[in-house]
Amino acid sequence: MNNSFFNKKIGIPRAISYYNSYPFYYGFFKSLGIKIILSDKTTTKIINEGCKYVVSDTCLPVKVFAGHIINLLDKGCNVIFVPSIQSTDYKINNCSKIRGLPEIIRNVINRDFTMIEPTLDKTENIDFKNFCTQIANAFEIKDSIRIKNAINAGWETYNRFCKMTQSGICYQEALKNAIEGKLIKNTVEIVKPLSVVIMAHGYNLFDDRISMNLIKKLEKMDVKVYTSINVSREKAISSIKALGEIQYWANELELTGTAAYYLLNNKVDGIIALSAFGCGPDSLMVDEMTYHCKEKGMPLIHLTIDEHTGEAGFVTRLEAFIDMLMRKKRRLIDKNSHKITKQITEIVEINNNKILTGSMK
Ligand code: SF4
């Protein structure tokens, strides 16, 4: 492949791995001198386009991914990044759709374009350095020092992003600052009457169209929201272990790991599971968390989404859940305030007795 064909540009669909890895890709491609063309933010048109190509029982994120490929092709971008992420650690696997993403796209979109389709498979010893080298090689960049520097640049941007999100800065703000080379600090810890954690894949939650602005909706209800980007990888892994579970899925840290961390630390009033209709891994992880939540008396709601999900029904379920959490919290406060009143009465009675006993002597 020659450089003039690629013209050092790559189209990245704003879907699937974009939501977790874009800060890395940004630093990496910039350092290699490759210009990124992003697809537009997800719209109903993009979803409908994707649905035309992918069979109906495929999950929504894959349909959305296909829609973003069409969006890039319509922009005139014909070199597109479609990674095949098989496993992210030894025997920590992705679902078959993410593993076979290049195959799905090749077979359903019959248009003239080139896919950059590196494989990451740590189970088979294809590590992240190898993954990055495959990308660079596709652009005929073979210099190992240049590739190493690009990987370091990718991690630098990614680590900036993580530092900000783990300090409580929201996804969009952290992303914007990370790619601008800035590192800002969160100085104010906002306290709200209720707090929840959302267990969901980044590609479902941070895509405002797919999640129907779930985070903003909760914030408008005066609810503090925690998500996977607020929890470090180490904390998520140790929380899964602390629950007595074994990590199997690559995206498990975003779901079980995140929910387990907030459940075990008693930091939230409820858990919201958001997943795509028909997603096998999510149904297993949500079932697992439902079991642990029941044991610990933590309310959990499971919201599923597909291309037909209506916003009205979604909001009704969400409001009912938040309303239930609020009533539960009020009951708890009332119960505790009775306890406190009883304790004060007892202390006063004891003290009065002492005074009485003292004065009789
Ligand atoms: S993990 Fe679930 S939602 Fe994600 S691509 Fe696989 S089946 Fe679809």
Side-chain angles (χ1 to χ4, degrees), residues 1-42 46 49-50 64-86 98 100-106 108-121 126-162 172 174-182 202-203 207:
M1 292 174 207
N2 67 51
N3 275 351
S4 60
F5 172 66
F6 282 112
N7 204 15
K8 300 239 178 200
K9 281 183 193 162
I10 190 163
I12 298 188
R14 220 185 268 255
I16 309 256
S17 74
Y18 164 86
Y19 283 95
N20 289 345
S21 309
Y22 185 65
F24 179 88
Y25 296 150
Y26 179 86
F28 176 73
F29 285 117
K30 191 176 173 211
S31 170
L32 289 178
I34 298 166
K35 187 173 178 226
I36 294 174
I37 299 171
L38 276 178
S39 57
D40 298 335
K41 286 186 179 167
T42 306
I46 287 179
E49 278 298 320
V64 171
F65 190 86
H68 280 272
I69 299 267
I70 301 297
N71 181 267
L72 284 168
L73 291 172
D74 291 348
K75 282 175 181 227
C77 175
N78 58 2
V79 178
I80 302 180
F81 186 59
V82 187
S84 167
I85 318 266
Q86 305 279 330
I98 294 185
L101 208 49
E103 296 308 320
I104 295 176
I105 297 303
R106 198 181 342 275
V108 299
I109 301 182
N110 188 16
R111 283 177 61 171
D112 186 20
F113 68 106
T114 302
M115 283 196 282
I116 303 294
E117 42 179 311
T119 299
L120 175 71
D121 194 350
I126 305 174
D127 63 11
F128 195 66
K129 187 178 165 212
N130 186 324
F131 174 82
C132 294
T133 306
Q134 294 171 52
I135 302 171
N137 288 174
F139 287 91
E140 295 197 336
I141 299 168
K142 303 268 165 70
D143 179 350
S144 59
I145 305 285
R146 199 173 156 200
I147 297 171
K148 189 175 163 221
N149 289 341
I151 295 173
N152 289 341
W155 283 128
E156 240 175 67
T157 317
Y158 183 79
N159 291 338
R160 261 200 308 275
F161 171 76
C162 291
Q172 292 301 348
L175 183 60
K176 181 176 169 287
N177 281 290
I179 64 177
E180 284 174 2
K182 295 181 198 157
Y203 49 78
D207 182 320

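These numbers come from the heavy atoms of this one structure, side chains and all, not from hydrogens, waters or symmetry mates.
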**Study point:** Residue pair I135 / I116, side-chain heavy-atom distance below 4.5 Å
**Key:** yes

**Study point:** Between CG on residue N71 and CD1 on residue I80, distance to nearest 0.5 Å
**Key:** 9.5 Å

Practice item. With the side chain counted from C-beta on, respond yes when R111 and I69 share a heavy-atom pair under 4.5 Å apart, and no when they do not. Key: no

Study note, to complete from the structure: So CG of L38 and NE2 of H68: to nearest 0.5 Å the spacing works out to 10.0 Å

Review point. Out of curiosity, L72 CG to R14 CZ, how far, rounded to the nearest 0.5 Å?
Key: 9.5 Å

Exercise for review: For atom NZ of K41, decide whether the heavy atoms of other residues, nucleotides or ligands shown that lie under 6.0 angstrom number more than 12.
Suggested key: no

Check your understanding: Rounded to the nearest 0.5 Å, what separation is found between the CD1 atom of I147 and the NZ atom of K129?
Key -> 8.5 Å

Point to revise | Parallel, tilted or perpendicular: ring planes of Y22 versus Y18, cut at 30 and 60 degrees | key: tilted

**Study point:** Closest approach of N130 to D127 (non-hydrogen atoms, all atoms of both residues)
**Key:** N-OD1, 2.9 Å

Review point. Which value, rounded to the nearest 0.5 Å, describes the distance between E140 atom CD and K8 atom NZ?
Key: 9.0 Å

Check your understanding: For T119, which residues count as a side-chain contact (heavy atoms from CB on, under 4.5 Å) partner, sequence neighbours excluded?
Key -> S84, Q86, D121, I126, Q134

Practice item. Would you check, one step at a time, whether the test side-chain contact (heavy atoms from CB on, under 4.5 Å) holds for L73 with I109? Key: CA-CA 10 Å; L73 291 172; I109 301 182; 4.1 Å; yes

Study note, to complete from the structure: For P13 and G11, the nearest pair of non-hydrogen atoms, with its separation, is CD-O, 3.8 Å

Exercise for review: Flag the pair F28 / S21 as yes when at least one side-chain heavy-atom distance between them is below 4.5 Å, and no otherwise.
Suggested key: no

**Study point:** Exercise: identify the closest heavy-atom pair between R160 and K182
**Key:** CD-O, 3.3 Å

**Study point:** Heavy-atom pair with the smallest gap, counting every atom of P23 and N20
**Key:** CD-O, 4.3 Å

Practice item. Step by step, work out the side-chain contact (heavy atoms from CB on, under 4.5 Å) result for V64 and Y203. Key: CA-CA 10 Å; V64 171; Y203 49 78; over 6 Å; no

Exercise for review: For the residue pair Y26 and F161, establish whether any side-chain heavy-atom pair is separated by less than 4.5 Å.
Suggested key: no

**Study point:** Residue pair I12 / F29, side-chain heavy-atom distance below 4.5 Å
**Key:** yes

Name each donor-acceptor pair under 3.5 Å that joins a side chain in residues 149-158 to protein atoms two or more places apart or in another chain, with its distance.
from : atom 1 : to   : atom 2 : distance (Å)
N149 : ND2    : I145 : O      : 3.4
T157 : OG1    : A153 : O      : 3.0

Practice item. Kindly say whether the aromatic ring centers of F81 and Y25 come within a distance under 6.0 Å. Key: yes

Point to revise | Close side-chain approach of F131 to I85, heavy-atom, < 4.5 Å | key: yes

Check your understanding: Do P83 and L101 come within less than 4.5 Å of each other through their side chains, counting heavy atoms only?
Key -> no

Review point. Can you tell me how far CZ of F65 sits from CD1 of I70, rounded to the nearest 0.5 angstrom?
Key: 11.5 Å

Check your understanding: Within the distance-only criterion (no hydrogens, no angle test), does the side chain of R146 pair as donor or acceptor with the backbone N or O of L32 below 3.5 angstrom?
Key -> yes

Review point. Is any side-chain heavy atom of K142 less than 4.5 Å from a side-chain heavy atom of N137?
Key: yes

